[in-house]
Amino acid sequence: MDAILKSEERAILTLRQLYSRYGYVPYKMSRFEEYDLYVRNKDFLVSDKIITFSGDRGRLLALKPDVTLSIVKNAPQTPGVVQKVYYNENVYRDYREIMQAGLEAVGDLTGYDIAEVAILAVKSLQLLGESVVLDISHMGLVSAVLDSCGFDWETKIQAMEFLRRKNGHELQLLCKTEEIRNKLEALLVCRNLETLEMVLTTVQEQKAFQELKDLWQVLESSGCGDSVQLDFSVSSDLKYYSGVVFRGYLAGIPTSILSGGQYDKLPQKMGRKARAIGFAIYVDLLQQLHREDAAFDVDTLILHDGSVDTATLTAEAAAAAKKGTVLVTRSLPAGRRCKNRIRFEKGVRLQ
Amino acid sequence: VKQWINIALPKGRLGEKAYNMLKQSGYECPEIEEKSRKLIFENPEKCVRYFWAKPSDVAIYVERGAADLGIVGKDILLEYNPDVYELLDLQMGKCRMAVAGKRDFRDPIGRTLRVATKFPNITQRYYDSKCRDIDIIPLNGSIELAPILNLSHVIVDIVETGSTLQENNLKIFEEIVPISARLIANVSSYQFKEAAVRAIRNSLLEQVEKKK
């Protein structure tokens, strides 16, 4: 049963198992959403190329480019309540269909919920591959460090772009003093909390640092330590992301396969009193990892010239299908390879 | 287990210079120095593999993971904005992205400016930042011809010494951004081969600092 599933399908099954074990429930969204929802939150989307349709009474609908917005739109606002959902959905960007799996926790989040999502991100990666890394950063901390450097908004955005690219040479050019230069250099190459703590000065920095440190300790004590590392080049839009952000990699896949973080500002922008964290996994990318290039397309090929009766062929096919895959045909389609071959010629069975 | 590092070099003088720097850093590959029709060159001892690529393709090889590292001009990075890490400014292949036109050119402020270029994205961003309405004329070579034949008012192109411009009675009017060669890395390779990637980067940095 397992063998017939494609790697992406297998991945989705194991991920669903993992998420439901932690009390997440499946979320199914409609294929079309009001275009308005996406336009109002355009910057939150990875791509702004949305495919639109006109619906009834002149409504403008969009083929879903994203799942998160729909989940957050209905975020619970009752104190103490957190809605935990997972999904696997096709989303549409740039006229491409992308299979995406992921989860979101929205509502009255506690430190536990944040740690749980980060741990599930690590566990998800571990289910998908052997050699994995989850890079973790904290937007509140990055933002506070850049504020402490006295950057205006424009310079701050520029600095974040250089950080994102690990571009130390151009980041340096923005620094007016040696102290600022050292601080940003520490942020750029930082892989452990200790070296970072030494360069922090302001209250905002300390506060965000403490949040990150708390999460870090939980990740280490829950056995995820080997798979996570600090990396402040992970960054997301400051307009939405305020806390921890992360990006996951599998050895052998050239881009990140998992991306997510805490985006409290999105529900706030939608007028909801809630916080939110989640991540998405680009399941399609697994195709690059598993080269499912079997040596044979079919186990048994039964070739016949039409001279043998259907009952005989049916019996042969049934016998072969018990052992593996079978294809009954009068000639083998070009480019297909078979392991065993049975031939019927002029009513005679030839091996 | 030692991991292989794949490096994409841009064909031409810049690529050769970059290889020499890598060689000095201890990542030599005798195979590449021999004349041959091979496409890929390996040094198993150093676990390093080189290949030559069209300069504008280097970033694609690196972004898609066919190469872990690459040497590429900043102009390519600005134009195509590939999702790669930019680890070092190699301070070579220095030139500028500039706006040039005929000596007697005066900006026709009331009209759309016609700009010929190989770099439509850089050009568009630059003029957007100045709120100037332009008509981009995409060309693939001999950009200098465009203003001479009145195909365009100006050109946006890479200028090294400016002698081609001068010989053709053209002149630089604005400089957009300085350009030089950069060391880039695939984002995923950086996670799994960080030690090797940083060793190469730091060793190249030492050479850059020495030359200063």
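Here is how names work: the chains are called A, B, and so on, in the same order as the sequence lines, proteins then strands, and each is numbered from 1.
- Using a 4.5 Å cut-off on side-chain heavy atoms (C-beta onward), A:Lys64 and A:Gln100 make no contact.
- If you measure heavy-atom distances from A:Val132 to chain B, the contacts under 4.5 Å come from the backbone alone.
- The shortest side-chain heavy-atom distance between B:Leu9 and B:Leu22 falls under the 4.5 Å cut-off.
- Looking at heavy atoms from C-beta onward, B:Ile76 lies out of side-chain contact with B:Pro55 at the 4.5 angstrom threshold.
- Residues passing the ring pair (Phe, Tyr, Trp, His ring centres under 6.0 Å) test with A:Phe209: none are found, sequence neighbours excluded.
- For chain B, the nearby part of A:Ile253 is the backbone; its heavy atoms alone come within less than 4.5 Å.
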Anything under 3.5 Å between chain A and chain B that's a donor-acceptor pair? List each one with its distance, please.
from     : atom 1 : to       : atom 2 : distance (Å)
A:Asp135 : OD2    : B:Gln191 : NE2    : 3.0
A:Arg165 : O      : B:Glu86  : N      : 2.7
A:Arg165 : NH1    : B:Pro82  : O      : 3.2
A:Arg165 : NH1    : B:Asp83  : OD1    : 3.4
A:Arg165 : NH1    : B:Val84  : O      : 3.4
A:Arg165 : NH2    : B:Asn81  : OD1    : 2.8
A:Arg165 : NH2    : B:Pro82  : O      : 3.4
A:Asn167 : ND2    : B:Glu86  : OE1    : 3.3
A:Asn167 : ND2    : B:Glu86  : OE2    : 3.1
A:His169 : ND1    : B:Asp89  : N      : 3.4
A:His169 : NE2    : B:Glu86  : OE2    : 2.8
A:Glu170 : OE1    : B:Lys74  : NZ     : 2.9
A:Glu170 : OE1    : B:Arg182 : NH1    : 2.9
A:Arg191 : NE     : B:Glu194 : OE1    : 3.2
A:Arg191 : NE     : B:Glu194 : OE2    : 3.2
A:Arg191 : NH2    : B:Glu194 : OE1    : 2.9
A:Arg191 : NH2    : B:Glu194 : OE2    : 3.3
A:Gln229 : NE2    : B:Gln191 : OE1    : 2.9
A:Ser233 : OG     : B:Tyr85  : OH     : 3.4
A:Ile253 : O      : B:Ser188 : OG     : 2.7
A:Pro254 : O      : B:Asn186 : ND2    : 3.2

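- Looking at every heavy atom in both residues, A:Leu196 comes nearest to A:Cys190 through CB-SG, 3.8 Å.
- Using a 4.5 Å cut-off between heavy atoms, A:Leu250 touches chain B through its backbone atoms (N, CA, C, O) alone.
- A 4.5 Å side-chain heavy-atom check between A:Leu266 and A:Asp237 finds every atom pair outside the cut-off.
- Residue contact with chain A, scored on non-hydrogen atoms closer than 4.5 Å, involves the backbone of B:Val84 exclusively.
- Only one option out of B:Ile71, B:Leu69, B:Leu77 pairs with B:Ile184 in a side chain to side chain contact (heavy atoms under 4.5 Å, CB included); it is B:Leu77.
- Two residues are said to be in side-chain contact when any heavy atoms from C-beta on lie closer than 4.5 Å; A:Val199 and A:Asn182 fail this criterion.
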